Amino acid sequence: MFNSRAQASHSQIRLNARAMEVALYEARKALERGEVPVGCVLVTEDGETVATGSNRTNERGNATSHAELVAFEELSNVKKMFKKGELTLYVTCEPCIMCTAAIVQMEVVGHIVYGCSNPRFGGCGSVRSLDLYRGRPDGHVPTIQSGVEAATAIHLLGEFYNRTNPHAPKPKKRRVKR
Amino acid sequence: MPHQGKEFSDDKDKLCLALREKVKQVGGCGAENGPREPKTCSVVVSPIQPQQASKLVPVLSELLPLNDGLSHLKRVRRVSFAGNAASVELEIVLCRDEVWEHRKADASEVLKSFNLQLEKRMVPATAPLSREELRKWGDLWPLIFKPGKHLHKPPSPVELRDMYNHMSRTTELAESVEVPPNCAVAAVLVHPASGEVVACGLDKSQRHARVSDGTFTVNTKLSHAVMNCLSSFASPHIPTISNEEEQKNTDKMGKKQLKRASCLPNDQYLCTGLDCYVSREPCVMCSMALLHSRIRRVVFACFNPEHVGGFSEAKIHKESALNHRFEAFLVPVKEIDSEMRSCKT
């Protein structure tokens, strides 16, 4: 009994690592395009990839084109019906509040696995938590697992922020306090 | 005719009054809709002679600084006695009650020479956020008020009327295009200075079309009015480093023209400085999308009991942990209209 459970969790770890590898690959692609490097992948229970996405905010000039929403766009082209909570979402960085709300409303994601947490925008515990959506007739609140390949995700983000973002507006001058 | 003109201006006044009464700022710090009752906490104070103050204040700011959330308190206050106006006595605040319990031993050693008689006093626990609150709470203890990012400026009558006009147009748009299973929701982006509508979006989520067997199509679920509006405004024309040169060339040839409305500056970054009008309160996803787009102000006509409200419940527009804060207003167009109608008859 103990053995089989250990094996199951072992295969789960392998699946996590493999899926997160795909998400990180997507993030690297975003970095090459000059975007904030975040990537994600939607995976079925059998480990089959149904959609991938990476950040395209600068490319589209649209602040809502986060990796998760890009993946959901791709998912909408998949000619297939999904059950509630059937898919697992692997993201390199904690989904922001917008993406978390989108995940809850989409209802197809039953489990979120993410790398590093996002203290600036995070909607899975950092700035807002999933408790916001509990006890509602609509939506499906997924379970969370964090810290998978967090170091790699942070390293990628660090690589981006070491460069300057050519799209960011010029910061306003701050009044010097005496 | 003079008579007609008078009636017209009467109508305007009535609208103005109705707007001032009905339009509410949503969420926020709490001081928008009049001064709040002060929350109080207990501090240790002592009466002192006026001559002592100049020596004692520097000692106390070194020993017991009021930086534990009491920086809005003035250190000293004047106590006047009704019987004897000539004799001025001061009262000085030392620290929080519970801090005094910890620091009693070492602090009383230093303060021995001042011969203090300690008392407890209730003072406002938070900084006042408006001048009304400063006035009202100041009876408990004199306070420092910093008008700044928290200061609430109510919209001017002109702004209110603009908000009402845009909002009623947006509601009309929403109602005119309702296609069941979609909801009658419309979102409009407005450039506030010129009043020009720069983008609009309708709800295409088909959220009332449910499939009974437990599975559902996912392709339209996130197609909310605000999201559609934002993506229709999004411009892929922002020059990136790689195609900046290409951009220059095409500009010269005049082939590729920016599809921006004329009122917007060339270096428009996302939705900076724009207002969004939605016929119903945006959900959390849409509210956060507006925040990501750096919107200036969001106005909506009614709350949405079906969804978690992004402003009324999640309050993300005033969250200090996020990188952008903006105003949200409720302009109940229907109520205002019916009030106007009942006034006329």
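Remember, predicted model here, so these are calculated numbers, not experimental data. Residue numbering restarts at 1 for every chain, and letters A, B, ... go by the order of the sequence lines.
- Residues B:Lys221 and A:Ser76 fail the side-chain proximity criterion, which asks for heavy atoms closer than 4.5 Å.
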Practice item. Please assess B:Met227 against A:Leu69 for the test side-chain contact (heavy atoms from CB on, under 4.5 Å), listing each intermediate value before the final yes or no. Key: CA-CA 11 Å; B:Met227 299 304 269; A:Leu69 295 197; 3.6 Å; yes
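- When heavy atoms are compared at a cutoff of 4.5 Å, A:Cys99 does not approach chain B at all.
- Remark: B:Ser287 OG to A:Met98 CE distance equals 11.5 Å, nearest 0.5 Å.
- Interface residue B:Cys283: only side-chain heavy atoms are found under 4.5 Å from chain A.
- For the pair A:Gln105/B:Met285, a side-chain contact is recorded, criterion being any heavy-atom separation below 4.5 Å from C-beta on.
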Exercise for review: Report the C-alpha distance between A:Arg128 and B:Met288 in whole Å, list the side-chain angles of each, state the deciding distance to 0.1 Å, and finish with yes or no for side-chain contact (heavy atoms from CB on, under 4.5 Å).
Suggested key: CA-CA 11 Å; A:Arg128 287 286 180 275; B:Met288 191 65 188; over 6 Å; no
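- Separating the CZ atom in A:Phe121 from the NE2 atom in B:His324 is a distance of 11.0 Å, to the nearest 0.5 Å.
- In this structure, A:Leu132 and B:Val308 approach most closely via the heavy-atom pair O-CG2, 3.6 Å.
- Two residues are said to be in side-chain contact when any heavy atoms from C-beta on lie closer than 4.5 Å; A:Asn62 and B:Phe233 fail this criterion.
- Taking each heavy atom of B:Ala234 and A:Gly61 in turn, the nearest pair found is CB-O, 3.6 Å.
- Looking at B:Pro282, neither its backbone nor its side chain comes within 4.5 Å of chain A, counting heavy atoms on both sides.
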**Study point:** side-chain contact (heavy atoms from CB on, under 4.5 Å) between A:Arg136 and B:Glu306, intermediate numbers included
**Key:** CA-CA 9 Å; A:Arg136 293 276 168 162; B:Glu306 271 176 55; over 6 Å; no
Check your understanding: How far apart are the C-alpha atoms of B:Ser231 and A:Arg60, what are their side-chain angles, what is the distance that settles it, and do they pass the side-chain contact (heavy atoms from CB on, under 4.5 Å) test?
Key -> CA-CA 9 Å; B:Ser231 24; A:Arg60 297 186 186 171; over 6 Å; no
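- A 4.5 Å side-chain heavy-atom check between A:Arg120 and B:Asn323 finds at least one atom pair inside the cut-off.
- Between B:Ile316 and A:Ile97 the shortest heavy-atom distance is CG2-CD1, 4.3 Å.
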